[in-house]
A.B. asks: 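What follows is a single structure, and I will ask about it in a moment.
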Amino acid sequence: MKPITLLVLTAALPVLAFGADMMTPAYYTGNLKGEADVFLSACQQIHMHHPLENPEGRMPDYRIPRWGAFGAGKGPTRTEQHHPAEDLHIGQRETAVELYAAHDGIISTVRDAPKYRHYISITKIITDPDGRELGKLVTLYGHVDLDLDEAAGLNLNGKTVKAGELISKHLYGQTRGGPHLHFEIRYYRPTDRGTEEFYSMNGSVPGAGEWPKGRWDPDTGYGFGLAENHALKL
Ligand SMILES: [Zn+2]
């Protein structure tokens, strides 16, 4: 009996893994679920450029602390806050760090966001083969210093960039826990109510809960993605 049981388990595993990665919100049913799955599948076809990798293919040393990993709580005083992103700490608290676009898209730069000071986002419209919009793929690069970037002649707000293009030269030095890149992947469908604001103005994290594989938030209507779903090894 035992060998047969093992065989069945082995056969079922790929199906389970596939289902876990689809990340369709629970309130999406029927045709809507089908549309969301098509959108997410299209998003996940995009293989991302590493945000720290320069055109020569070189990257600085970096690490992701356990508490900075996707889905981690944020320590004893912030245990209810989940973290749908990765925190990349570079070298010895370095701030002169070059960041690169993970994918093609249009850049927005945002100042004075709650908790994140400055951040950069890149939005790519995802379309079906007929050109109909399925949704948007957005990556967010938090804790950058746009003032120093601007002083260095780098202001990309509203500009179109290609994957791998330089988007920032500076992390913010005073970030809690030390300067680091907060890298986040989001998905938005056109009809969702979510905005591209990093965090809502009341300072709450959208949708408390577990984030082991990314998820959608039923109230705000957007989802988070894992780097590995984009063939990106952080
Ligand atoms: Zn973070």
Side-chain angles (χ1 to χ4, degrees), residues 23 48-53 59-103 107-123 137-146 148-149 167-188 194-217 220 222-230 232-234:
M23 294 182 289
M48 290 186 178
H49 185 93
H50 196 293
L52 296 175
E53 184 179 347
M59 279 187 263
D61 289 337
Y62 70 95
R63 65 190 172 83
I64 299 175
R66 184 186 56 77
W67 42 267
F70 191 98
K74 298 291 282 182
T77 60
R78 301 165 75 186
T79 48
E80 297 309 309
Q81 179 172 321
H82 293 272
H83 184 253
E86 311 266 11
D87 288 344
L88 283 65
H89 292 242
I90 295 102
Q92 299 296 315
R93 306 173 71 89
E94 284 165 44
T95 56
V97 174
E98 296 191 339
L99 304 180
Y100 299 88
H103 55 84
I107 287 202
S108 297
T109 56
V110 177
R111 291 165 188 277
D112 302 322
K115 298 183 182 182
Y116 288 88
R117 187 177 158 87
H118 301 168
Y119 70 83
I120 294 169
S121 69
I122 303 178
T123 299
L137 167 68
V138 178
T139 44
L140 284 155
Y141 310 77
H143 309 315
V144 296
D145 195 321
L146 295 172
L148 290 179
D149 277 352
I167 58 169
S168 178
K169 295 178 175 180
H170 302 92
L171 294 176
Y172 179 54
Q174 304 307 311
T175 302
R176 187 174 171 173
H180 63 271
L181 168 64
H182 172 104
F183 181 69
E184 186 169 313
I185 301 167
R186 289 186 173 197
Y187 310 120
Y188 299 85
T195 72
E196 284 159 35
E197 286 302 311
F198 199 23
Y199 272 56
S200 58
M201 288 309 292
N202 66 14
S204 67
V205 177
E210 298 303 319
W211 310 86
K213 280 285 182 183
R215 60 162 283 180
W216 290 72
D217 182 84
T220 45
Y222 52 79
F224 296 96
L226 279 179
E228 66 198 49
N229 290 339
H230 296 271
L232 178 56
K233 194 172 183 329
L234 291 179

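Each residue takes its place number in the sequence, starting with 1. Counting convention: from 1, in listed order, for ligands and their atoms alike.
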A.B. asks: Quick one: does any side-chain atom of Asp149 pair with a main-chain N or O of Lys169 as donor and acceptor, under 3.5 Å?
C.D. replies: yes
A.B. asks: Kindly give the atom name of the N, O or S atom of His182 closest to the Zn ion (ligand 1).
C.D. replies: ND1
A.B. asks: Measure from the Zn ion (ligand 1) to each N, O or S atom of His143 and report whether any distance is below 2.8 Å.
C.D. replies: no
A.B. asks: How many angstroms lie between CG in Leu181 and CG in Leu140, if you round to the nearest 0.5 Å?
C.D. replies: 10.5 Å
A.B. asks: Compute the ring centroids of Tyr119 and Tyr141, then answer whether they are less than 6.0 Å apart.
C.D. replies: no
A.B. asks: Just wondering, is there an N, O or S atom on Asp87 that's nearer than 2.8 Å to the Zn ion (ligand 1)?
C.D. replies: yes
A.B. asks: In terms of ring plane angle, is the pair His89 and Trp67 parallel, tilted or perpendicular, where the classes change at 30° and 60°?
C.D. replies: perpendicular
